[in-house]
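Please read the structure below before turning to the comments.
Every chain is numbered from 1 and lettered A, B, ... according to where its sequence line falls, protein lines coming before strand lines. Side chains included, hydrogens not; waters and symmetry mates left out as well; all remaining heavy atoms used. Just so we're clear, the structure is a prediction, and the values are computed from it rather than from any experiment.
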Protein chains: 2
Amino acid sequence: MNLTQITGGVCAPIGFRAGGVHCGIRKNKSKLDLAMIASEVKCTVGCVYTQNKVKGAPIAVTKANVKDGFAQAVICNSGNANTCNANGMEIAQQTCKLAAEALGVQPTDIVVASTGVIGQPMTITPFENGMAPLIAALNKNGSSDACEGIMTTDTCKKEYAYAFDIGGKACHIGAIAKGSGMIHPNMATMLAFVTTDVAISSEMLQKAVSSVAADTFNMVSVDGDTSTNDMLTVLANGMAQNPQIVAANADFMDFCTALDTVCRSISRAMAKDGEGATKLLGVNVTGAPTIQVAKKVAKSVACSSLLKAAMFGADANWGRVLCAIGYTDAEFDISKVDVAFKSKAGTVAVCKNGAGIDFSEETAKTVLLADEIEINIAMNDGTAVATAWGCDLTYDYVKINGDYRT
Amino acid sequence: MNLTQITGGVCAPIGFRAGGVHCGIRKNKSKLDLAMIASEVKCTVGCVYTQNKVKGAPIAVTKANVKDGFAQAVICNSGNANTCNANGMEIAQQTCKLAAEALGVQPTDIVVASTGVIGQPMTITPFENGMAPLIAALNKNGSSDACEGIMTTDTCKKEYAYAFDIGGKACHIGAIAKGSGMIHPNMATMLAFVTTDVAISSEMLQKAVSSVAADTFNMVSVDGDTSTNDMLTVLANGMAQNPQIVAANADFMDFCTALDTVCRSISRAMAKDGEGATKLLGVNVTGAPTIQVAKKVAKSVACSSLLKAAMFGADANWGRVLCAIGYTDAEFDISKVDVAFKSKAGTVAVCKNGAGIDFSEETAKTVLLADEIEINIAMNDGTAVATAWGCDLTYDYVKINGDYRT
């Protein structure tokens, strides 16, 4: 399978357009706050959602809309999460209706999403005002504007696309996503919208989405807080004209690889752009007794506030890695564990068989001053592997979140 | 039962002396780094320990020593956790031997503990040099020095004592403890040493300790990191001459109340002095369907990084309270939940039936500027209650932990 990174984001696949406008949900008029992605034809759809009991109203509306396995467009606002609002359901439904009328499709073919502050009053007015300009703004180069429209505290756009072949046909997959706080997905994800022109049944698409999300988005944590509005949606419009994927065959595996690649790229980007973050942390666990243990250990380390603060300070305090491995809720033998820090500046082994070993503090400092750090944990107790992504804990995280609403 | 706060810390009970010295584990000579608490006579003992799989060597040695239900003294150093050290067991055992010889007791009557950096090399030399001065320093007013000797990043001493009656006899209970990072106990606690002159069997003492720890220390979180060296030890020397407590009778209940009071005082103090903290957060859950749900919800809210940062900024971002309630791993009806913020400056209700209500931002700001804040969560779905303690997340937490080792 030949997988190549390309440009174009969610518009890279055949038959998708996107755009973003400022509709007035945000006070800052220079910040786009409403985004749309639309397919020329109806798509099969796969989704995973937050497991938080507090759910944004758009989650409920989208769930109902995609129940039949089909959708044609995504509409998403930033600046207000439409969560814990008395009129939230009404607004989410009206938004679908406005979008559907403007696009000439059914309201139940709209995926609706919101992100921003929880529990802030909201009206339909900005959506009414913004819909015509938004439809007018849809174009083949609109992925970047759509991406800006869904950003909250993100400092950079998260937009990826790849080209690949299935059944001799040129296929494409693209994505936009937003982080960057309240990031600790639980069988779901943050806001990420993926488009593809691959022909795949709703059933197989959902299988692919659930499987890939478990290894990518669900392995990211910025701050341990699972959002109320997490959503990963994949729209597949079939315009690549490959033989439709309806079973777990080789084509399906290729599609899963492509989906995994784009989701992995976005997961890393989300972690790296975590609120206030200066460093991406990749925690690689190898030699674990089971995949569940590998995942739990990787996430436990990636989530440790103490380790995250040490990484900010480029302090090779490996005892905090051991400590976080140790409080993982799983069964394994801690006395076999080796730990090393790695970055583009080199590798430094710091722990062997669960105990410290001599290492150069100078080398360690150099390794940890890089902006992408890998924490490699060899459990020497099996063959399972997993990777989790996180970021450092910084002054800016506190600053951003000490007064987010104003 | 008449329970009165008194002075004297761990020396308040009859027959206990304590002291602290600088023995050279820390570079800073003005900081005491070795502490001892000793009883005139043998004590029954109750302990709970960290559930982290990575355990400090002193944990293992203490567990073996108190297996018979008896102990007579505590020795504890700060500056080095004696964890993940190849010679850790040997040092912990030698420390017990040195202390026992100096006190004229058996090595198996010593409770040994360490706190500080994990995985730092350690030798027995400072203990050898410090033992004679430490024994010489033991005195009836030594609780405060012992408390200083076990402190790490704590900014204040945590020392409490209470007087009460059991069976017509004047009884006393005292405690010293240290926080203040890597605080997220799991069926155990941080370092806390409690003394009492109550006569109580080892079995009943252990029952009291396990029960009280579950409602006090285990409901505290500073940063979500469960330490490798957590230990709560209670020594009871019986010198109050009350009829020995050997069953779950009224005397036992009175003792549990006294133990709960001292443990609750220390738990609050630990949370308030969490690394970098400027505010104590008390999360009170009422009307929960079960005690387990009440505890889980209270801890989930107390542990939310986003809420903790908002509390630092005195930002009434109640959506983050709802979000953290929502991702609690428990079954309950989120649509019945009410939330209010309370402090000495007043009370402000912010959420009713799971949705936002109008409130004065000005009032909320005033309430949240206090240094002790209560977050009151009424679940309106039963009668169970629980309280968890935490603190705000601040720039100083990041500063302290960005370079802890140097």
Derivation of the side-chain contact (heavy atoms from CB on, under 4.5 Å) call for A:V283 and A:W389: CA-CA 6 Å; A:V283 182; A:W389 298 275; over 6 Å; no

Non-neighbouring partners of B:C391 that pass side-chain contact (heavy atoms from CB on, under 4.5 Å), sequence neighbours left out: B:V222, B:A277

Parallel, tilted or perpendicular: rings of B:Y395 and A:Y395 (30°, 60°): tilted

Under 4.5 Å from any heavy atom of chain B - which part of A:L393: both

For chain A, the option from B:G356, B:G119, B:S305 that forms the most heavy-atom pairs under 4.5 Å: B:S305

Toward chain B, the part of A:T328 with a non-hydrogen atom under 4.5 Å: backbone

Which residues share a side-chain hydrogen bond (donor to acceptor under 3.5 Å, both in side chains) with A:S78, sequence neighbours left out: A:R26

Top contributor to chain B interface from A:C323, A:S304, A:G88 [non-hydrogen pairs under 4.5 Å]: A:C323

Chain B contacts, top residue of A:C351, A:A309, A:A81 (heavy-atom pairs, under 4.5 Å): A:A309

Qualifying residue, where the test is side chain to side chain contact (heavy atoms under 4.5 Å, CB included) with B:V54 and the options are A:I325, A:L322, A:V321: A:L322

Heavy-atom pair count under 4.5 Å with chain A, highest-scoring of B:T83, B:T394, B:L306: B:L306

Part of A:N85 within contact of chain B (heavy atom distance under 4.5 Å): neither

Test: A:K55 cationic atom under 6.0 Å from A:Y49 six-membered ring centre, within 45° of axis: no

Contact winner vs chain B - A:G313, A:C84, A:A86, A:G319, heavy-atom pairs under 4.5 Å: A:C84

